[in-house]
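Down below is the structure, laid out as structure tokens.
In what follows, every chain begins at residue 1, and chains take the letters A, B, ... in the order their sequences are listed. As the structure is a computational prediction, the values presented were derived from the model and not from experiment.
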There are 2 protein chains.
Amino acid sequence: MKSHQITIIDIAKALGISKSTVSRALTGNPNIKSETMEAVIEMAKKLDYQRNLHAISLITRKSNTIGIIVPEFLSSYFPKVVIGAQAAATAAGYNVIISQSNETYATEVANTQVMLANQVDGIIVSMTKETLNYDHFKIFQRKGIPIVFFNRVCDEMAVPKVMVDDYDGAFKAVEHLLSTGKRRIAHLAGPNSLSMSVRRLNGYLDALKKNNIPIDEDLIIPYDLTIGKVKIYVNHLLQLKHPPDAIFAINDPTAIETILVIKKIGLRIPQDIAIVGFSNDYISSIIEPSLTTLSQPVEKIGETAITLLLDQMNRNVSDWKAVTKVLKTDLVIRNSTVASLL
Amino acid sequence: MKSHQITIIDIAKALGISKSTVSRALTGNPNIKSETMEAVIEMAKKLDYQRNLHAISLITRKSNTIGIIVPEFLSSYFPKVVIGAQAAATAAGYNVIISQSNETYATEVANTQVMLANQVDGIIVSMTKETLNYDHFKIFQRKGIPIVFFNRVCDEMAVPKVMVDDYDGAFKAVEHLLSTGKRRIAHLAGPNSLSMSVRRLNGYLDALKKNNIPIDEDLIIPYDLTIGKVKIYVNHLLQLKHPPDAIFAINDPTAIETILVIKKIGLRIPQDIAIVGFSNDYISSIIEPSLTTLSQPVEKIGETAITLLLDQMNRNVSDWKAVTKVLKTDLVIRNSTVASLL
DNA sequence: CTGTTAGCGCGTTCAA
DNA sequence: TTGAACGCGCTAACAG
């Protein structure tokens, strides 16, 4: 069971030199004869030598590892962010450990503990929809380990954040619906625990106000993002005395489900009711009618989060900056709001 | 920059006892007074103490970590496998580090090095479509670190593997098409580097043979899974002198793209041409017409891979078993082969 | 350019 | 039941 690990000592013995020389050769120390350097490297390769990162971390107090915590892996959104983040981290010479929280607070807490135990040099995080207590994140601050939030950020912590302009995106979505002649626009909103939901709601409200459309509280339904419930809310909306002629959904999965429900009922999209989503998931261009939505620069979000993190890691704790990067969304107009497109 | 880490010594000092006692208390050693035990645990919590896994790994020569390497994160397939695997690993008390290879051989090699440097206790792997050389995996065997393949397995290594019954799935797909009256069934196949492709191809061929349908080489097109190329192949097939009346695609993304291309051309699905995919991605039930495909027990695959891995980890190297688990697929019949299904 | 020494944080002997 | 001492593999001083 316990395999023999090849160590620096093995190389040193095989070559008849000291361990420190081997260590120097392996770390690219300049004060070393090029012959010995080559000999060491060759022997290392021959013996399948692998530096033991645990030993190195123990000394340097750095693990050369960045942690990524995402709330879920089921939508295409977070995997793409992870890809962007991983690329940026790798380019900077860092390893990455990823964990997903299953949209569960307890799992998220456990994940942060894994990160701490692994002595990560920093983490980027998007929270679960359940997360209301942030103590498990504050530990990182206290320990001097930088933390950067993206997408689902923690408002009460003064740390770097990467977000898209949710307010602006929602605003654009609603103005687009108004421009197609819709007037009773409902909003399937997200939970208030996510500040993102609140920003999108505000964009929705302000777009209506700016255009002198009265706000009807009956048309605003916050829900917990459990897809199975969409059907209930859509049916409810359609049975109102004055039903909506458009629905702006908090995200694409919600919008897709809305489309499916409405199609089953037999209403025409967009003539009877138009739909707009948020995020431009892969499926949104394929469903019929294709979904009008706001596209996000997904990989760029991951990349930016890592960039901010690396910046923090290179500073003293006393010198940390809590910048917030806000990336723009693009309105992608498709058939769920404009039938005549192609 | 260098943050002060809370160590056992800090706890020992604060309590005025020895480090070894603290260590024992923290590891649940029975030879310890319950009072001191409690005192230590309380102080540890108070000081936000986190055990340094690097130090522990250095001593125990175990990292308590399992590595997962997947070829990509873009389809919904691998994220789901990862979820299953992670759950099983966590349940067994292991941490997990995930990396994705971007379908690139070089990245995959780099990922294995990260795993080795992190001293993982074992890994589960699904290879990239490019991988033809397996030296980077064989290192694990030589070092006595168990490795388990899933889905995209390495035929030339005698290690545990988890697969679905690709042959049987393909066979069922083709027999289903035949049962709907189709006779010229094309196959958009995968690259030969993936043994999975070969097994699906064989299932396709044998189903035709069994039913005395002549095999037409023109109808079999292997490709490298680059979705952008599907359009070319589908157009090519449709322009044959005797075009196919059905297409069995190697996987769902290929099948989806095929549907989109055919719809654009204006042919009717399934009347003019029927389509079958493989894997039952989320999108397959939503596209119109919905896609007939083979569903895989995705999370079960990840879970099974971890189970096999844990089993290997508990054995001596000399006692390793190279079992192969084959999980069954289910044919999910939808409108892309049977129009009348509501 | 190279060898020697100390010690990173912790688990684990061996004594007491 | 506790304490002291050793060493996991490696890097970073300090001497040559």
**Report entry** Spacing between A/Leu58 atom CG and C/dG7 atom C1', to the nearest angstrom
**Finding:** 9 Å
Query raised in the report: Are the side chain of B/Thr304 and the backbone N or O of B/Lys300 linked by a donor-acceptor pair below 3.5 Å?
Result: yes
Distance-only donor-acceptor hits, side chain of residues 156-163 of chain A, under 3.5 Å, sequence neighbours excluded:
residue: A/Glu156; atom: OE2; partner: A/Lys138; partner atom: NZ; Å: 2.9
residue: A/Lys161; atom: NZ; partner: A/Cys154; partner atom: O; Å: 3.2
residue: A/Lys161; atom: NZ; partner: A/Met157; partner atom: O; Å: 3.0

Requested in this report: Would you please classify the geometry between the A/Tyr105 ring and the A/His136 ring as parallel, tilted or perpendicular, with 30° and 60° separating the classes?
Outcome: perpendicular
Query - Contacts of A/Arg24 that satisfy side chain to side chain donor-acceptor pair (under 3.5 Å) - sequence neighbours left out - result: none
Query - For atom NZ of B/Lys13 and atom P of D/dG3, their distance in whole Å - result: 15 Å
Query raised in the report: Expressed in angstrom and rounded to an integer, what is the separation of A/Arg61 atom CZ from C/dC10 atom C1'?
Result: 13 Å
Under 3.5 Å between N/O atoms: give me all the protein pairs with nucleotides 10-14 of chain D, atom names plus distance.
residue: D/dC10; atom: OP1; partner: A/Tyr49; partner atom: OH; Å: 2.5
residue: D/dC10; atom: OP2; partner: A/Ile8; partner atom: N; Å: 2.7
residue: D/dT11; atom: OP1; partner: A/Arg51; partner atom: NH2; Å: 3.1
residue: D/dT11; atom: OP2; partner: A/Ser23; partner atom: OG; Å: 2.7

Query raised in the report: What's the shortest heavy-atom distance between A/Glu72 and A/Glu103, and which atoms?
Result: CG-OE2, 3.7 Å
Query raised in the report: Are the side chain of B/Asn314 and the backbone of B/Leu310 linked by a donor-acceptor contact shorter than 3.5 Å?
Result: yes
Requested in this report: Rounded off to whole Å, could you give me the CG-to-C1' distance for the B/Leu53 and D/dC8 pair?
Outcome: 15 Å
**Report entry** Contact residues, residues 28-39 of chain B to DNA chain D [heavy atom, < 4.0 Å]
**Finding:** B/Asn31, B/Ile32, B/Lys33, B/Thr36
Report task. Compare side-chain N and O positions of A/Thr21 against OP1 and OP2 of C/dT2 and report whether any pair is under 4.0 Å apart. Result -> no
Requested in this report: Quick one: which residue pairs count as a side-chain hydrogen bond (donor to acceptor under 3.5 Å, both in side chains) with a foot in residues 25-38 of chain B, not counting sequence neighbours?
Outcome: none
Report task. Considering only NZ, NE, NH1 and NH2 on the basic side and carboxylate oxygens on the acidic side, decide whether B/Asp311 and B/Lys321 come within less than 4.0 Å. Result -> no
Query raised in the report: For B/Glu130 and B/Thr104, does a side-chain donor sit closer than 3.5 Å to a side-chain acceptor?
Result: no
Query raised in the report: If only atom types and distance count, is the side chain of B/Ser193 paired as donor or acceptor with the main-chain N or O of B/Lys129 below 3.5 Å?
Result: yes
Query - Helical bend (five base pairs per end, nearest 10°) for the helix from C/dC1-D/dG16 to C/dA16-D/dT1 - result: 40°
